[in-house]
Amino acid sequence: MSTRRTWIAIRYSSYATADQEPVVMTFRVPVDDLLGLTAGGFPFLRAGWGHNVVAAVLGDHTDWTELAELITDSYREMAPKFLAAQVPFVPPIS
């Protein structure tokens, strides 16, 4: 097992079930939104690397609409400006 995989397994082991490792996605959020997103705990938590990286534990509980919005916002923050400008804006989730 690679060092990175070992770190991931230890970091998210509390979300594993007896027969399945957790599926985790990481993405960036504006620093101002970090605490609000991660304060409630599961399924969002600080990734443990980067100053604005959030990890989302995926599963049957996942709100895919919310996750799509978060990933789109992350892409807009990280992508070159000319590519980010090509992503259509979607009304926020209410």
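Position 1 is the first residue of the sequence; numbering continues from there. Scope of the values below: all heavy atoms of this structure, side chains included, with no hydrogens, waters or symmetry mates. All values derive from a computational prediction rather than experimental measurement.
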Within the 4.5 Å heavy-atom criterion, are Leu34 and Val53 side-chain neighbours or not?
no
Listing, residues 81-89 side-chain donor-acceptor contacts under 3.5 Å, not counting sequence neighbours, or none:
residue : atom : partner : partner atom : Å
Gln86   : NE2  : Phe82   : O            : 3.2

With the side chain counted from C-beta on, respond yes when Val54 and Arg46 share a heavy-atom pair under 4.5 Å apart, and no when they do not.
no
Donor-acceptor pair, side chain of Asn52 and main chain of Val29, under 3.5 angstrom:
yes
Suppose we screen for ring pair (Phe, Tyr, Trp, His ring centres under 6.0 Å). Which residues come up paired with His61, at least two apart in sequence or across chains?
Phe42
Who pairs with Asp33 by side-chain contact (heavy atoms from CB on, under 4.5 Å), at least two apart in sequence or on another chain?
Pro30
Does Ile71 share a hydrophobic cluster with Phe44, counting links as ILVMFWY side-chain heavy atoms below 4.5 Å and allowing steps through other members?
yes
Whether Thr72 side chain and Ala68 backbone form a donor-acceptor pair below 3.5 Å
yes
Without swapping roles, check the side chain of Thr38 against the backbone of Leu45 for a donor-acceptor pair under 3.5 Å.
no
Only counting residues at least two apart or in another chain, list the ones meeting side-chain contact (heavy atoms from CB on, under 4.5 Å) with Leu58.
Val23, Met25, Ala56, Thr62, Trp64, Leu67
Find the distance between CD (Glu77) and CZ (Arg28) and round it off to the nearest 0.5 Å.
8.5 Å
